Amino acid sequence: MTGSGLAAEKARRLDRIAEMRARGVDPYPYRFDRSHTLAEVRGQWGSLEPGTETEERVSVAGRVMLKREQGKLIFATVRDRGDEIQLFVSKAVVGDDSFADIGHLDLGDWVGVEGTVMTTRKGELSVKVERLQLLAKAVRPMPDKWRGLSDTDTRFRQRYADLIVNEDARRAFEVRHAVISSFRRTLAGKGFIEVETPVLHVEAGGAHARPFLTHHNALDMQLYLRIALELHLKRLIVGGMERVYEIGRVFRNEGISTRHNPEFTMMELYQAFGDYSEVMAVAEELIVQAARDAIGTTVVDIFDHEGNPHRVDLAKPWRRARMIDLVAEKTGVEVHPSQPVADLRALAEKHGVRWEPRWGSGKLIEEIFEAVAETSLIEPTFVTGHPVEISPLARADRHDPLLTERFELFVGTRELANGYSELNDPVEQRLRFEEEQAAKDAGDAERGTVDEDYLRALEYGMPPTGGLGIGMDRVAMLLAGVTSIKEVILFPTLRHEVL
RNA sequence: GCACCUCUAGCUCAACGGCAGAGCAGUGGACUCUUAAUCCAUUGGUUCAGGGUUCGAAUCCCUGGGGGUGCACCA
């Protein structure tokens, strides 16, 4: 046992394990029965006066995070999921042999402890150790106990290490979990049923995106990973389920950025007898309630595209504005899908948007909108009235046949949600699908196909329905106050690690 | 896919053309109330990989790899 590189360090700890086994001690025992979590200990005895010794016996377990040796005393900080507590180890109490064993514990080891609750002279709540049992030996050293782990590559690849040492990382995932459970609670309260629909699709529909392709061997069948939940959920509305939602992973074979991961989590819901205005209100309620549940406030700092924070109270009613009005506001030119393509191409060029010949007026308006208006949408804003051309599943606006009853929610210049009055006319839906197919055949890989089974479902009759999709990762980002989606995805997609 | 930045001990970082260093972790020692304990001593390196320039390369150049950021892509 020489040196102290990583290999030598691991060898030293493996030797310790071998030495324990030789003594008949199991370094990896099968279980340990706790009497209290550390948070429960703190909750029950957290207000003891300094210098108090109690007769209260507890069994607690956790990971050794810090160790301070002080002659015939050892202080160690252990942590479980919810809290940290100090172990007070006196040689006079545990005896020479146990004291030596405890002294040989490494940072990162898991331990189970029996002892009494006490506070030190300075008031630190502690467990005075009577018996300590190693629950699992750490063979690999922990990252720096004070500086933590900051290398992003290591943090994302070795998320376990990130979670051990970085409080901020743990917190972001607590927020994410709280957001998702808040959504489930809110939706249950509104009578929504949670369902699970296929991830493997024969047709990748419901959104404009490049899919991942896979193959089923026994059926010798090409399959796509889903890019949206929409078309299956609406089949359930046809089936009479009235209010359904799914929180699930979708997959899009596109670039990776601070806002995009190839697999991400969508919540989609469909509400029979409602229209887009109703699900818009649901979106607002879900997110505001999630803020209350996850971070205890509706006031958040929203970052603009330059990274500057803007303090916003989400509880204030959200702005609603039509896409064409936002374009008019920013360009000074009234736009509408009824206008000739040439006019809109000219407007696009004036604002630095390079257009493609296959784009119609509606697509041009969307592109101009993204170029001129999107970066100004810091506070929550529902952008409404998307052109029919770019909304093949949305119902036409009851007052304007070239626009749809659709909205997208933007917060901090990012799109968080999308919803509409669902198109339920099977004849019109077929025409829309055929336009999608024609665009795809003309070389636009993100466009859709004719989904015959979905059309068959619509032919059975789908009631008027409002639909909503929310990007859960982006809501988690907003409420956790982080600027990269990788901070709210436990294992973000990375290249193969070269070991 | 393109551009820029970055990669040094297990971790966090120095050294920026002249002998690869520090703190933490580790090891040995002192200490019965510490709090990132402290103090003394000490081990530890394929400087991401390969090539080049140079008397001399962690440092400059080229190629490749990982990561980050921006752009492109992206309902």
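These figures come from a predicted structure and were not determined experimentally.
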**Report entry** Pairing partner of rG45(B) (Watson-Crick or G-U wobble, both distances under 3.5 Å)
**Finding:** none
Query raised in the report: Below 4.0 angstrom from OP1 or OP2 of rU27(B), is there any side-chain N or O of Arg12(A)?
Result: yes
Query raised in the report: What does rA75(B) pair with, Watson-Crick or G-U, if both distances are under 3.5 Å?
Result: none
Query raised in the report: So which nucleotide does rG23(B) pair with, by the Watson-Crick or G-U wobble rule with both distances under 3.5 Å?
Result: rC11(B)
Query - Point-to-point distance, once rounded to the nearest 0.5 Å, from CG of Leu393(A) to CD of Glu422(A) - result: 7.0 Å
Report task. Please determine, for rC2(B), whether a Watson-Crick or G-U wobble partner exists with both distances under 3.5 Å, and give it or none. Result -> rG70(B)
Query raised in the report: Within the structure shown, what part of the strands sits under 4.0 Å from Pro387(A) by heavy-atom distance: base, sugar-phosphate, or nothing?
Result: nothing
**Report entry** Residue-level proximity of residues 60-89 of chain A to RNA chain B when a heavy atom falls under 4.0 Å
**Finding:** Leu66(A), Lys67(A), Arg68(A), Glu69(A), Gln70(A), Gly71(A), Lys72(A), Leu73(A), Phe75(A), Gln86(A), Phe88(A)
**Report entry** Check against side-chain contact (heavy atoms from CB on, under 4.5 Å), His201(A) and His232(A)
**Finding:** CA-CA 10 Å; His201(A) 284 193; His232(A) 282 92; 3.4 Å; yes
Query raised in the report: With no angle test and no hydrogens, is the base of rG23(B) tied to the side chain of Asp144(A) by a donor-acceptor pair under 3.5 Å?
Result: yes
Requested in this report: Tell me what Gly51(A) touches on the nucleic acid: a base, only sugar-phosphate, or nothing, going by heavy atoms under 4.0 Å.
Outcome: nothing
Query raised in the report: Does Ser257(A) have a side-chain nitrogen or oxygen under 4.0 Å from the phosphate oxygens OP1 or OP2 of rC74(B)?
Result: no
Requested in this report: Quick one: label Ala161(A) by what it contacts on the DNA or RNA (base, sugar-phosphate, nothing), any heavy atom closer than 4.0 Å.
Outcome: nothing
Requested in this report: For the residue pair Phe212(A) and Phe251(A), categorise the inter-ring angle as parallel (less than 30°), tilted (30 to 60°) or perpendicular (more than 60°).
Outcome: perpendicular
Report task. Would you please test Phe88(A) and Val129(A) for side-chain contact (heavy atoms from CB on, under 4.5 Å) and show each step? Result -> CA-CA 6 Å; Phe88(A) 179 100; Val129(A) 174; over 6 Å; no
Query raised in the report: Using purine N1 to pyrimidine N3 plus N6-O4 or O6-N4 for Watson-Crick, or N1-O2 and O6-N3 for G-U wobble, both under 3.5 Å, which nucleotide pairs with rU38(B)?
Result: rA30(B)
Query raised in the report: Which of parallel (below 30°), tilted (30 to 60°) and perpendicular (above 60°) describes Trp318(A) and Phe382(A)?
Result: tilted
Query raised in the report: Can a side chain N or O of Arg495(A) be found less than 4.0 Å away from OP1 or OP2 on rG65(B)?
Result: no
Query raised in the report: Does the side chain of Ser150(A) get closer than 4.0 angstrom to OP1 or OP2 of rC13(B) through an N or O atom?
Result: yes
Query raised in the report: Has Lys145(A) got a side-chain N or O lying under 4.0 Å from the OP1 or OP2 atom of rC24(B)?
Result: no
**Report entry** Mate of rG56(B) where both pairing distances stay under 3.5 Å, Watson-Crick or G-U
**Finding:** none
Query raised in the report: Are OP1 or OP2 of rC73(B) and a side-chain N or O of Arg354(A) less than 4.0 angstrom apart?
Result: yes
Requested in this report: Could you tell me which residues satisfy side-chain contact (heavy atoms from CB on, under 4.5 Å) with Ala136(A), sequence neighbours excluded, listed by chain and number?
Outcome: Tyr28(A), Trp110(A)
Requested in this report: Determine, step by step, whether Tyr245(A) and Tyr270(A) satisfy the ring-ring contact (aromatic ring centres under 6.0 Å, His included) criterion, reporting the C-alpha distance in whole Å, the side-chain angles of both residues, the deciding distance to 0.1 Å, and the verdict.
Outcome: CA-CA 6 Å; Tyr245(A) 76 99; Tyr270(A) 293 85; over 10 Å; no
